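First the structure, in the form of structure tokens, and then the observations on it.
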Number of protein chains: 2
Amino acid sequence: MITLLIADDHPLYRDALRGALSSSLTDIHLLEAADLAATVETLEHNDVDLLLLDLHMPGSQDLFGLLHIRKLFPDVPVAVVSGTEDPLIISKIVGVGALGFIPKTASSSDIADAVSAILDGDVWLPEAFDGKIEEVDEEFSKLADQVASLTPSQYKVLCYMRDGLLNKQIGYNLDIAEATVKAHVTAIFKKLGINNRTQAVLIASQLELEPPAAIH
Amino acid sequence: MITLLIADDHPLYRDALRGALSSSLTDIHLLEAADLAATVETLEHNDVDLLLLDLHMPGSQDLFGLLHIRKLFPDVPVAVVSGTEDPLIISKIVGVGALGFIPKTASSSDIADAVSAILDGDVWLPEAFDGKIEEVDEEFSKLADQVASLTPSQYKVLCYMRDGLLNKQIGYNLDIAEATVKAHVTAIFKKLGINNRTQAVLIASQLELEPPAAIH
DNA sequence: TCGAAAGTAAGACTTTAGTCTAATAGACGA
DNA sequence: TCGTCTATTAGACTAAAGTCTTACTTTCGA
């Protein structure tokens, strides 16, 4: 019996994935989550053999979400499901520890192949990207490691920093005192090897796959 | 008699462009510049009919450089010469006012075609990108307009801000007092419709085509 | 040619960022 | 089970960011 967790915010696409998986694979147990918090909670309470993760979930913050999950559950294999076709982005996804990349346009049999391969311990990528996936540069994987070493609170603070919020506003959003926010900020700086918030924002935006939405 | 300005930091590529242009076109006068400052100075002192601009010149800051030139010399047609093949980036280049995009891999005849077309007032793009160039979204072109409205000093300050420098360090680099830097910073915020430096850095990094180099 | 508008520059002041010290609570290995 | 390590929290303090006001200069159109 194999347990799979489908993490995607679109109910229709979850249905499609569920259909593709249950018709191609036997003896599987399917779980679902619609946002990052639900994904984390499900992983905490279940023994999941493979996570199928959509990067564009609410609260996920793209690559941050993947880093977050990889840090909290390093033993859970992750296959990223996304609509992007950019080899550079896929390189980054693989570079931070995803064992596979499944395009949203993949067929049922491709998806089943990918899941089987990853469960066997292999890395699976669409054939179209053979040879197009580069090693991510050392700089990037070092940054990714450093960001992954952040605690959940620090991670949330960094997300809010990247949105241009003041410490006071971050504290209000997280329901903690401004002084606590500052302590997190200082800890983030030390872990990332920097000394001001501008540099932190640059690192955060480098790890972001999509340009930030509107400036508030 | 048509005056062309070749702005590229690689002497060899300038030679190649010069060769391609002088063998394909008659009655042309060729000027050259190796960095953004020299480009600006040449445009100030000459009546240039077309600028062939490499985005990766020293001091150019990629899209910033193009915005800068477009703002200072809105009447000079610009064709961007670059090695990138990413349709999204090319869309942005065209979206901020370039009349053409010439890949570094283009043949002599392609280059001559492009130059002729742009001098006739047309927009020229490589055939490979037909249909792949999207309209840039309203948000982006609004930001580009706002950034283009910055004065040269404000532009330099924003560049240094994006590199994570303190106001004091920016003042030292530009040889002005910290108080002056602050005045520029406040003016930048007003023009961009924001109220802190984090948001300014985000906008600047969105307009950057390449990820920032190392974090200092 | 003269005044209006805008870029540049800077001092004084308020707000926010960031550091240092320290206390509490939970996790983990000996 | 005990001690150690670390995350989290927070107060007090210093450094930097950001605002307001003012002044000098250049440019441009009436």
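This one's a predicted model, so the numbers in the text were calculated from it and none came from an experiment.
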Atom [atom1] of [X] to atom [atom2] of [N]: distance rounded to whole Å?
X      : N      : atom1 : atom2 : answer
A:F189 : C:dC20 : CZ    : C1'   : 15 Å
A:M161 : C:dG18 : CE    : P     : 8 Å
B:E178 : C:dA12 : CD    : C1'   : 13 Å
B:K182 : C:dA17 : NZ    : C1'   : 13 Å
A:I170 : C:dT16 : CD1   : P     : 13 Å
B:R197 : D:dT19 : CZ    : C1'   : 14 Å
A:N195 : D:dA17 : CG    : P     : 11 Å
B:K190 : D:dC20 : NZ    : C1'   : 9 Å

Full working for side chain to side chain contact (heavy atoms under 4.5 Å, CB included) between B:V181 and B:L174: CA-CA 9 Å; B:V181 176; B:L174 294 177; 5.6 Å; no
Sugar-phosphate only, base, or nothing, as touched by A:A177 at under 4.0 Å among non-hydrogen atoms: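 It contacts sugar-phosphate atoms only.
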It should be established whether [X] places a side-chain nitrogen or oxygen under 4.0 Å from OP1 or OP2 of nucleotide [N].
X      : N      : value
A:N167 : C:dT16 : no
A:K168 : C:dT16 : yes
A:T186 : C:dT19 : yes

Residues A:N196, B:R197; criterion side-chain hydrogen bond (donor to acceptor under 3.5 Å, both in side chains); working and verdict: CA-CA 11 Å; A:N196 67 49; B:R197 114 172 3 222; over 6 Å; no
For A:R70, all residues meeting side-chain hydrogen bond (donor to acceptor under 3.5 Å, both in side chains), sequence neighbours excluded: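 Partners of A:R70 under the side-chain hydrogen bond (donor to acceptor under 3.5 Å, both in side chains) test: none.
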Derivation and outcome, side chain to side chain contact (heavy atoms under 4.5 Å, CB included), residues B:T39 and B:L43: CA-CA 6 Å; B:T39 305; B:L43 288 171; 4.2 Å; yes
Pair B:E178 + B:K168: basic N to acidic O under 4.0 Å: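 Not counted as a salt bridge, because no side-chain N and carboxylate O are separated by less than 4.0 Å.
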A:D47 atom CG, neighbour heavy-atom count above 12 within 6.0 Å: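 No - once you tally the heavy atoms of other residues, nucleotides and ligands closer than 6.0 Å, there are 12 at most.
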Full working for side chain to side chain contact (heavy atoms under 4.5 Å, CB included) between B:K92 and B:F140: CA-CA 8 Å; B:K92 289 183 178 181; B:F140 179 82; 3.7 Å; yes
Grab the N/O contacts between the protein and nucleotides 5-8 of chain C below 3.5 Å, and write none if there aren't any.
unit_1, atom_1, unit_2, atom_2, d
C:dT8, OP1, B:S153, OG, 3.1
C:dT8, OP2, B:T151, OG1, 2.5

